[in-house]
Q: 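First the structure, then my questions, so here it is.
Sequence lines set the chain letters: A, B, ... in the order given, protein chains first and strands last, and positions in each chain run from 1.
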2 protein chains.
Amino acid sequence: MMYGFYKSGRMEQRVVFDIFYRMNPCDNGYVICAGLEQAVVYLRNLRFYPEEIAYLRSLGIFDEGFLKELEMFRFTGTVYAIPEGTVVFPQEPLLRLEGRIFELQLVESALLCFINHQSLIATKAARIVQATRGVLVEDAHPTSEFGLRRAQNGDAAVFGARAAYIGGCTSTSNVVAGYNFSIPVSGTQAHSWIQSFDSELEAFRAYVDAFPNRAVLLVDTYDVLRSGVPNAIRVGRELREKGFDLLGVRIDSGDLAYLSKAARKLLDEAGFQQTQIIASDDLDEDTIRDLMVQGAKIDGFGVGTALITAKGCPALGGVYKLAAEEKDGRFIPRIKVSENPLKVTNPGKKKVIRFYVGNKASADLIMLDEEAIPQGEPVTLFDPVHTYKRKTIYQYTVRELLIPVIVDGDIVYELPAVEEIRSFAQQELATLSSETLRPKNPHTYHVDLSLPLWELKRELMARMRTAGAN
Amino acid sequence: MMYGFYKSGRMEQRVVFDIFYRMNPCDNGYVICAGLEQAVVYLRNLRFYPEEIAYLRSLGIFDEGFLKELEMFRFTGTVYAIPEGTVVFPQEPLLRLEGRIFELQLVESALLCFINHQSLIATKAARIVQATRGVLVEDAHPTSEFGLRRAQNGDAAVFGARAAYIGGCTSTSNVVAGYNFSIPVSGTQAHSWIQSFDSELEAFRAYVDAFPNRAVLLVDTYDVLRSGVPNAIRVGRELREKGFDLLGVRIDSGDLAYLSKAARKLLDEAGFQQTQIIASDDLDEDTIRDLMVQGAKIDGFGVGTALITAKGCPALGGVYKLAAEEKDGRFIPRIKVSENPLKVTNPGKKKVIRFYVGNKASADLIMLDEEAIPQGEPVTLFDPVHTYKRKTIYQYTVRELLIPVIVDGDIVYELPAVEEIRSFAQQELATLSSETLRPKNPHTYHVDLSLPLWELKRELMARMRTAGAN
């Protein structure tokens with residue numbers, strides 16, 4: 001397509017593209033957006049190296065003038081984005097890009113890939129953490145991301161661990177992610193550790209020797225209650241004599257509700273009330289919720305495959321759509337119509353504002369960029385599909401969600417630390433009602449269109465219907 | 001765990017680990033194994049860089065002697081592997097690693113990640129390609145991998161495109177994958193291309209100007225039958241005057257069965273019998289199979305999200321298990337028992353052989369490495385779980401599946417080109433019966449244990465049951 005724009009003399013055409021998604025993944029009520037840092041780093045470093053140009057030349061499709069353009073290529077566009085960790089909803093532009101169509105068309109797939117993936121995993125992590133008790137991380141049980149071996153290759157593991165932490169996980173077993181993003185790492189031993197010793201007791205002793213103050217012992221290699229926990233208690237007593245406390249035991253198989261309660265009893269009776277019970281074994285949000293409902297005595301979870309692949313909903317369907325095109329110095333709104341009303345795009349250069357009533361987010365409004373933001377007067381919102389559904393907001397504060405990140409190719413935004421993004425995501429979740437946070441059948445949060453945007457959309461839909469045959 | 005082995009003075013302990021999986025993904029009858037090249041490159045390049053050592057030091061967990069070991073770390077083990085493109089089955093060691101436990105424990109997660117991911121996507125691709133008509137690529141319709149924007153980050157997109165090609169896709173829209181692996185790239189324009197012109201006709205004309213001999217026109221932006229296909233025909237006629245043929249049209253929405261048949265009729269009537277109809281729009285194997293059953297006139301498919309994420313089965317559950325440990329110069333078999341019989345590992349250093357009767361694979365046998373391979377005498381195999389199930393093979397040839405790839409840290413295997421792996425995978429699929437290839441409820445291919453291995457396993461299971469309490 002870049003070549004097509006080049007050949008048709010349109011490569012300098014300035015345009016606006018939006019990244020947005022149409023449906024929340026996993027039947028969730030929101031998405032925690034993530035991936036912006038990766039997108040910014042990608043745009044900053046984007047260029048074509050000589051060996052890449054040579055490869056493109058070898059395809060025999062492109063002329064030399066075009067390859068020259070690629071050689072000089074740098075991203076010079078402008079990007080507005082909703083900060084990572086923000087809760088977002090269908091149809092909202094998460095990124096709004098403005099620049100030459102030649103550049104903006106190139107970056108579509110990579111940007112979608114990063115934003116779709118990290119937002120998906122952050123959202124899945126929030127669901128899993130929520131299942132461990134409450135909604136906020138403070139209420140929930142520590143949940144460690146354990147998915148490296150089952151991730152869809154290296155980047156999915158590393159950036160997935162980042163996103164899982166943003167979504168509320170407390171740590172990752174992925175040391176590369178710990179190194180790259182300064183996020184907490186944690187881990188225990190594998191069954192191979194236990195197996196590689198002549199007995200479980202010997203294996204436990206060797207492990208606590210190496211990690212006296214952070215030992216979590218895997219107690220299910222032979223028999224949790226008859227062997228694993230009794231041996232852990234024995235080693236815990238030996239540790240105490242050296243002045244340390246046994247941090248925890250991990251159960252990775254069997255009935256986790258039954259075993260955790262029985263193990264808790266054994267530990268408590270032996271005076272190890274503070275020793276935690278960590279559970280793993282192909283856990284997902286539903287299993288965790290069921291375990292908690294059954295009163296399992298689990299202090300922390302390790303979640304692998306289901307988290308790192310967002311099992312059940314392994315893709316967020318973010319799209320990249322043309323919203324406007326410059327003609328004679330102004331942006332002309334563009335629309336994509338479709339048989340499916342959900343797939344008709346919102347035209348024009350847009351912004352998104354959120355109304356807060358008290359501490360809670362009340363509704364979002366997608367509006368044209370040139371519209372004035374309401375400043376306190378009562379606002380009546382209407383559903384863009386079922387327009388008879390109306391809602392008037394009286395006492396509110398308002399926040400604009402899209403902020404400038406790159407202007408004419410220069411980064412103007414200080415990328416926050418991952419730790420900071422995670423705290424922000426927690427604040428964000430606290431602004432949602434419990435109805436929106438419900439994991440199944442959540443209340444649909446209001447995302448409405450401003451009247452001018454809605455009217456523009458109707459007008460363009462009518463006009464575009466006939467454009468095909470022209 | 002590396003630190004634990006170091007602290008307990010066991011880091012030099014030589015061991016054998018197997019990578020295998022327990023269940024075919026997506027209810028399939030086989031897996032096409034893939035990812036070995038990535039694993040080999042990883043092992044070859046594996047080392048700890050000064051800034052990584054500094055990070056590990058900063059965690060305050062490890063002593064300096066250990067960090068010194070990491071500084072000197074190189075992979076010096078031996079790896080046997082089943083070549084990429086081979087069809088494999090549950091329980092079979094796909095890789096068998098031998099070396100110091102210090103090294104082999106480190107590489108577990110990364111190797112699993114690469115092998116699990118690429119094998120999964122190759123297998124999913126084979127299922128999708130099979131749905132387009134027959135079993136072999138020769139019989140099937142061209143299927144292009146279109147999933148970059150929905151992949152679980154960059155590596156999943158790039159290595160996923162490689163795996164999809166191995167599994168039978170004909171091309172990818174991912175140019176980075178084309179560049180890295182010398183695999184064919186293909187693509188069409190997006191709706192944004194059409195939208196960015198004042199009319200569909202103008203958009204089509206500009207596109208064929210850039211790509212006169214490879215233009216596939218996206219015909220569903222406005223109305224496939226009233227606008228898209230008539231405009232494509234008009235541009236096709238103009239192309240003909242310049243001596244080119246219109247390669248194809250792409251339909252990306254609506255009822256693909258109905259629209260493809262109607263579009264075919266319009267194209268044929270206008271004399272464009274050779275112009276192909278390409279279909280896309282969130283396709284998966286079931287949708288494709290239904291379309292083919294309904295006689296859709298589709299010549300090629302573009303498959304994105306469902307392929308690149310292996311939607312429905314987004315993880316292959318490969319595991320890494322200790323099989324043997326050296327004591328006094330010989331390998332002592334190790335086993336992991338479990339409440340779940342499926343999870344009890346096969347002990348010892350093992351090999352895998354495949355019996356062929358005629359051109360068809362008849363059964364696989366997992367045996368101890370020291371056992372002699374049958375040379376033509378009748379062989380009776382028995383099911384390792386339901387041992388009354390027996391099968392005697394008379395006229396056969398035999399192939400050993402695991403071959404040496406790395407010996408004492410040196411690569412001894414010439415990594416084949418991806419193109420070659422893909423051809424090999426096609427040959428491999430041709431060795432399977434149509435019952436094993438059936439996408440739902442396939443026949444379970446026989447993978448049996450040799451009598452010595454089965455007896456060893458029984459003996460160790462009995463012995464290990466008591467090891468926990470020692």
Q: Measure distances from Lys311(B) to the heavy atoms of chain A and classify the residue's part below 4.5 Å as side chain, backbone, both or neither.
A: both
Q: Is the closest side-chain heavy-atom distance between Asp63(A) and Tyr6(A) below 4.5 Å?
A: yes
Q: Nearest 0.5 angstrom please: Lys321(B) NZ to Arg334(B) CZ, how far?
A: 15.0 Å
Q: With a 4.5 angstrom heavy-atom cut-off, which part of Arg10(A) approaches chain B: side chain, backbone, both or neither?
A: side chain
Q: Between Gln13(B), Glu51(B), Lys343(B), Lys7(B), who has the most heavy-atom pairs with chain A when the cutoff is under 4.5 Å?
A: Glu51(B)
Q: Which atoms of Ser109(A) come close to chain B, meaning under 4.5 Å heavy atom to heavy atom: side chain ones, backbone ones, both, or neither?
A: both
Q: NZ of Lys336(A): more than 12 outside heavy atoms within 6.0 angstrom?
A: yes
Q: Side chain, backbone, both or neither: which part of Glu52(A) has a non-hydrogen atom closer than 4.5 Å to chain B?
A: both
Q: Which atoms of Tyr42(B) are under 4.5 Å from chain A, going by heavy atoms: the side chain, the backbone, both sets, or neither?
A: neither
Q: At a 4.5 Å cut-off on heavy atoms, which part of Ala190(B) comes close to chain A: side chain, backbone, both, or neither?
A: both
Q: At a 4.5 Å cut-off on heavy atoms, which part of Gln38(B) comes close to chain A: side chain, backbone, both, or neither?
A: side chain
Q: Honestly, is Arg100(B) close enough over Phe5(B), meaning NZ or CZ under 6.0 Å from the six-membered ring centre and within 45° of the axis?
A: no
Q: Checking Tyr179(A) against chain B: side chain, backbone, both or neither under 4.5 Å from a heavy atom?
A: both
Q: Report which part of Leu316(B) has an atom under 4.5 Å of a heavy atom belonging to chain A: side chain, backbone, both, or neither.
A: backbone
Q: Tell me, for Val175(A) versus chain B, whether the close heavy atoms (under 4.5 Å) come from the side chain, the backbone, both or neither.
A: both
Q: Under a 4.5 Å heavy-atom cut-off, does chain A meet the side chain of Ser58(B), its backbone, both or neither?
A: neither
Q: Out of Ala151(B), Gly35(B), Gly312(B), which one racks up the most heavy-atom pairs below 4.5 Å with chain A?
A: Ala151(B)
Q: Sort Ser196(B) into side chain, backbone, both or neither according to what part of it lies under 4.5 angstrom from a heavy atom of chain A.
A: both
Q: Could you have a look at Asp209(B), Thr221(B), Ile61(B) and say which one has the most heavy-atom pairs with chain A under 4.5 angstrom?
A: Ile61(B)
Q: What part of Ile101(B) lies closer than 4.5 angstrom to a heavy atom of chain A: side chain, backbone, both or neither?
A: side chain
Q: Looking at Gly304(B), Gly178(B), Gly160(B), which one has more heavy-atom pairs under 4.5 Å with chain A than the rest?
A: Gly178(B)
Q: Is Ile308(A) close to chain B through its backbone or its side chain, or both, or neither, when contacts mean heavy atoms under 4.5 Å?
A: backbone
Q: If we ignore hydrogens and angles and just use 3.5 Å, is the side chain of Asn174(B) paired with the main-chain N or O of Phe146(B) as donor and acceptor?
A: no
Q: Top residue by heavy-atom pair count (under 4.5 Å) with chain A, among Ala210(B), Gly254(B), Ala315(B), Pro230(B)?
A: Ala210(B)
Q: Give the ring-plane orientation class for Phe66(B) versus Tyr3(B), where under 30° counts as parallel, over 60° as perpendicular and anything between as tilted.
A: perpendicular
Q: Verify the distance criterion only: is there a donor paired with an acceptor across the side chains of Tyr222(A) and Asn231(A) at less than 3.5 Å?
A: no
Q: Side chain, backbone, both or neither: which part of Thr188(A) has an atom under 4.5 Å from a heavy atom of chain B?
A: backbone
Q: I'd like to verify something: which residue of His191(B), Arg205(B), Gln189(B) has the highest number of heavy-atom pairs under 4.5 Å with chain A?
A: His191(B)
Q: Using a distance-only test with no angle check, is there a side-chain donor-acceptor pair under 3.5 angstrom linking Ser253(B) and Asp220(B)?
A: yes
Q: Below 4.5 Å from any heavy atom of chain B, which atoms of Ser192(A) appear? Answer side chain, backbone, both or neither.
A: both
Q: Let me know if Glu325(B) has heavy atoms under 4.5 Å from chain A in its side chain, its backbone, both or neither.
A: side chain
